[in-house]
Visitor: 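This structure is in structure tokens; I'll ask about it shortly.
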Amino acid sequence: MINKEVQSQSRNYTVPLITITLLFFMWGFITCMNDILIPYLKQLFNLTFFESMLVQFCFFGAYFIGSLIYFLISITKGDPINKLGYKKGILFGIFLAALGCVLFYPAATFSYYPLFLGALFILGLGFTVLQITANAYVSLLGSEESASSRLNMTQAFNAFGTTIAPVLGGHLIFEFFSSPDGSFSAVATRIPYLIFAGILLLVALLISRVKLPSFQMGEEEVVKGWGALEFSHLKFGVFAMFCYVGGEVAVGSFIISFLEQPQIMGFNEIISKNYLSLYWGGAMIGRFLGAISLNQSLSQSKKAVYMLGAAGAVFLVIFSIVNLTFSQISFFLVFIALNFVAFFVGKAAPARTLSIFAAINVLLLISAMVNHGELAMYSILGIGIFNSIMFSNIYTLAISGLGKYTSQGSSLVVMAILGGAIVPIFQGYLADQFGVQHSFIIPVFCYVVILIFGAYCTKYLGHVESTDTKSGH
């Protein structure tokens, strides 16, 4: 329990919340830059699809290693963040991530692929610390009743970072810092990542200067052993989270290569990066809509009005960011409408909504595999908007009813982010053997697992009242 003196504080958390939200934005931006790096490094080092997916393997593999270390410490020594404090934990995570960005400079200078992978691993470790600390901290910045709303909003800004990263980051690497003759050179990544490191350090400076409330927790029980694994829905939830992160990352990683295929659109990287923004922009729209739809205090009529307004506003923001005409992105309105319908059919029940969204993504992936041209392109881009609430719903369902094992179970679910390292590798192998379009059978299986998990929880867990979002990828 939080100490009584902290509970009794009457404090305005607006400034701390804005500061942490800025961090979430940069976190999402830099994570999504991997989707730009993959096709860039693939051409630069003449890599196979399998080899290029080592970018995601090292980055998301760091989540597993970092979470495992944290888990082992927590079950033997107690929660490290509880002892050090959230602010110190957040600052440590930022410094580690900034170090990863700085390491891109020697990697680019020596033009050595393993050095890039090492830099990405350090960057991933930094974001692992932020995954553990920043999300939990946001939930404490205000009342428990409004925690879900705050977490959804910060995640929406995280998604905003993933939306503009392909456009701005792609412009920096593919155009602004590229060689004058248009050839690929590793040095194009040096200055952008030094800029990212500088911005992260500025955010760290801001956080260090802002008076953030200190939440000290009481003496906690150190739960030893693997008692959390006695809960079948947690084990299923860990597997579902593995599949979700793996599926989302794999699809995003292959979009540029997919749109380059002559039977699809034949686009180059400069054009494809704008469409990649639509994929991640869909997640941003969905999270804003999810924050409203899953709010139990609103009537159905108010939800409809607020969701319509939010969807329209975010769509205009995306339209102003991407270098595409209205006619080129107007198809997205169809997916927004379908998202509306899916939310209302789900009736704000996390498990049911999860199954519906997963089923839609299965159909979209199959469409992308069997069709050509614009229909295949629209199908793959529409997946993003239905990914939106999956992390939060899977997380909430997985740790439901764990009691004293909740913290332990939470660590296991975070470890499942390893899916972002493993699934793209398998898809890369299939892409090398059978082509990019057919390789999407891998994420099809991922979303089928999520669909089954949602159905399982609908039957065995019933309606879960808590819909807190714990996401940071």
Side-chain angles (χ1 to χ4, degrees), residues 31-32 34-35 38-39 49-50 52-57 59-61 63 162 166 236-261 264 272 275-276 278-280 282-283 286 335 338-339 342 354-372 375-391 393-394 416-455 471 473:
T31 298
C32 191
N34 290 356
D35 294 340
I38 288 170
F49 282 111
F50 178 85
S52 67
M53 287 301 134
L54 290 174
V55 167
Q56 302 292 28
F57 180 81
F59 182 81
F60 286 99
Y63 275 80
T162 65
F236 200 167
V238 169
F239 185 44
M241 184 63 79
F242 177 94
C243 291
Y244 160 68
V245 178
E248 180 186 55
V249 171
V251 173
S253 300
F254 274 93
I255 281 179
I256 290 180
S257 297
F258 181 73
L259 298 182
E260 286 178 341
Q261 302 300 305
I264 306 301
S272 296
Y275 286 94
L276 177 60
L278 294 181
Y279 173 74
W280 292 111
F335 291 115
L338 183 59
N339 198 251
L354 179 65
S355 286
I356 293 170
F357 277 37
I360 292 173
N361 275 354
V362 169
L363 295 176
L364 289 174
L365 281 165
I366 293 174
S367 174
M369 291 175 60
V370 301
N371 292 304
H372 296 155
L375 182 56
M377 178 181 72
Y378 295 156
S379 298
I380 210 71
L381 296 179
I383 292 170
I385 195 169
F386 297 100
N387 280 335
S388 54
I389 49 84
M390 286 190 179
F391 192 108
N393 287 19
I394 293 172
I417 293 176
L418 178 68
I422 302 299
V423 175
I425 288 286
F426 278 98
Q427 186 169 349
Y429 176 79
L430 284 189
D432 288 326
Q433 302 299 316
F434 305 106
V436 172
Q437 192 169 12
H438 293 124
S439 71
F440 282 99
I441 190 65
I442 295 293
V444 167
F445 286 121
C446 290
Y447 287 107
V448 167
V449 170
I450 298 168
L451 190 162
I452 297 172
F453 173 68
S471 166
H473 139 263

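Each residue takes its place number in the sequence, starting with 1.
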Visitor: Kindly compute the distance separating OG (Ser379) from CG (Leu364), expressed to the nearest 0.5 Å.
Guide: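 Here the rounded value is 5.5 Å.
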
Visitor: Does Leu363 offer a backbone N or O that forms a donor-acceptor pair with the side chain of Ser367 under 3.5 Å?
Guide: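 No, because the side chain of Ser367 does not come within donor-acceptor range (under 3.5 Å) of the backbone of Leu363.
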
Visitor: Hey, is the main chain of Ile385 close enough, under 3.5 Å, to the side chain of Ser388 for a donor-acceptor pair?
Guide: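 Yes: the side chain of Ser388 pairs with the backbone of Ile385.
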
Visitor: Suppose we call two aromatic rings close when their centres sit under 6.0 Å apart. Are Phe236 and Phe239 close by that rule?
Guide: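 Not close enough - the centres of the two rings lie 6.0 Å or further apart.
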
Visitor: So, taking the atom named CE in Met377 and the one named CD1 in Ile255, what distance separates them when rounded to the nearest 0.5 Å?
Guide: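 The CD1 atom of Ile255 is 11.0 Å from CE of Met377, to the nearest 0.5 Å.
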
Visitor: Check whether any side-chain heavy atom of Ile450 sits under 4.5 Å from a side-chain heavy atom of Leu354, and report yes or no.
Guide: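 Side-chain contact under 4.5 Å: yes.
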
Visitor: Would you call Tyr447 and Ile383 a side-chain contact if the rule is heavy atoms closer than 4.5 Å?
Guide: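 Contact flag for Tyr447/Ile383 side chains = yes.
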
Visitor: Closest heavy-atom contact between Gly419 and Pro424?
Guide: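 It is O-CD, 3.6 Å.
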
Visitor: Please give me the minimum heavy-atom distance between Ala368 and Ile380, naming the atom from each residue.
Guide: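 Nearest heavy atoms, Ala368 then Ile380: CB-CD1, 3.8 Å.
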
Visitor: Which heavy atom in Val423 sits nearest to a heavy atom in Gly247, and how many Å separate them?
Guide: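 Taking Val423 first and Gly247 second, the nearest heavy atoms are CG1-N, 4.3 Å.
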
Visitor: What distance do Phe453 atom CZ and Cys243 atom SG have between them, rounded to the nearest 0.5 Å?
Guide: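 It comes to 11.0 Å.
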
Visitor: In sequence, state the C-alpha distance, the side-chain angles, and the governing distance for Phe59 and Val55, and then conclude on side-chain contact (heavy atoms from CB on, under 4.5 Å).
Guide: CA-CA 6 Å; Phe59 182 81; Val55 167; 5.6 Å; no

Visitor: Quick one, Met390 with Met241, criterion side-chain contact (heavy atoms from CB on, under 4.5 Å). Give me CA distance, side-chain angles, the key distance, then yes/no.
Guide: CA-CA 9 Å; Met390 286 190 179; Met241 184 63 79; over 6 Å; no

Visitor: Starting at CZ of Phe335, measure out to CG of Leu278 and round the result to the nearest 0.5 Å.
Guide: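 Interatomic distance, Phe335 CZ to Leu278 CG, rounded to 0.5 Å: 10.5 Å.
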
Visitor: Taking C-beta and beyond as the side chain, do Phe357 and Asn339 meet within less than 4.5 Å on heavy atoms?
Guide: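 The answer is yes, as the side chains (C-beta and beyond) meet within the 4.5 Å cut-off.
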
Visitor: Are Asn387 and Tyr279 close enough that a side-chain donor and a side-chain acceptor fall under 3.5 Å?
Guide: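 A donor-acceptor contact under 3.5 Å links the two side chains.
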
Visitor: Indicate yes or no: at least one non-hydrogen side-chain atom of Ile256 is less than 4.5 angstrom from one of Asp35.
Guide: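 Contact flag for Ile256/Asp35 side chains = no.
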
Visitor: Does a side-chain heavy-atom distance below 4.5 Å link Val444 with Ile441?
Guide: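 Val444 reaches Ile441 side chain to side chain.
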
Visitor: Which heavy atom of Val249 sits nearest to which heavy atom of Gly420, and what is that distance?
Guide: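 Smallest interatomic distance, heavy atoms only, reads CG1-O, 3.8 Å.
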
Visitor: What distance do Leu276 atom CG and Leu259 atom CG have between them, rounded to the nearest 0.5 Å?
Guide: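 Answer rounded to 0.5 Å: 8.5 Å.
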
Visitor: Quick one: list whatever passes side chain to side chain contact (heavy atoms under 4.5 Å, CB included) with Phe434, sequence neighbours left out.
Guide: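 Phe434 satisfies side chain to side chain contact (heavy atoms under 4.5 Å, CB included) with Leu430, His438 once adjacent residues are dropped.
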
Visitor: Does Leu338 form a side-chain contact (heavy atoms from CB on, under 4.5 Å) with Phe386? I'd like the steps, not just the answer.
Guide: CA-CA 9 Å; Leu338 183 59; Phe386 297 100; 3.7 Å; yes

Visitor: When the aromatic ring centroids of Phe49 and Phe254 are compared, is their separation below 6.0 Å?
Guide: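 When the ring centroids of Phe49 and Phe254 are compared, they turn out to be within the sub-6.0 Å range.
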
Visitor: Would you give the length of the straight line joining atom CG of Asn34 to atom OG of Ser52, rounded to the nearest 0.5 angstrom?
Guide: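 That separation rounds to 11.5 Å.
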
Visitor: Taking everything shown except Phe57 itself, do over 12 heavy atoms lie less than 6.0 Å from its CZ?
Guide: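 Open: at most 12 neighbouring heavy atoms sit under 6.0 Å from CZ of Phe57.
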
Visitor: Apply side-chain contact (heavy atoms from CB on, under 4.5 Å) to the pair Leu365 and Val251, showing each step before the final yes or no.
Guide: CA-CA 9 Å; Leu365 281 165; Val251 173; 4.2 Å; yes

Visitor: Say whether, by atom type as modelled, one donor and one acceptor occur between the side chain of Gln56 and the main chain of Ile425 under 3.5 angstrom.
Guide: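 Flag not set: sc Gln56 to bb Ile425 has no pair under 3.5 Å.
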
Visitor: Could you tell me if the side chain of His372 sits less than 4.5 Å from the side chain of Gln261, heavy atoms only?
Guide: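 Gln261 does not reach His372 side chain to side chain.
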
Visitor: Using only atom types and a distance under 3.5 Å, with no angle test, would you say the side chain of Ser355 pairs donor to acceptor with the backbone of Ala455?
Guide: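 Yes, because the side chain of Ser355 sits within donor-acceptor range (under 3.5 Å) of the backbone of Ala455.
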
Visitor: Restricting to pairs with a member in residues 419-435, which pass side-chain hydrogen bond (donor to acceptor under 3.5 Å, both in side chains), not counting sequence neighbours?
Guide: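 Checked against side-chain hydrogen bond (donor to acceptor under 3.5 Å, both in side chains) - neighbours excluded - the pairs reaching residues 419-435 are Gln427-Ser439.
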
Visitor: Who passes side chain to side chain contact (heavy atoms under 4.5 Å, CB included) against Ala376, sequence neighbours left out?
Guide: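 Residues passing side chain to side chain contact (heavy atoms under 4.5 Å, CB included) with Ala376: Phe258, Ile264, Asn371.
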
Visitor: Minimum heavy-atom separation for Ile360 to Ala342, with atom names?
Guide: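 Closest pair (atom of Ile360, atom of Ala342, distance): CD1-CB, 4.1 Å.
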
Visitor: Side chains of Glu248 and Trp280: does their closest heavy-atom pair fall under 4.5 Å?
Guide: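 Counting from C-beta outward, Glu248 and Trp280 do come under 4.5 Å.
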
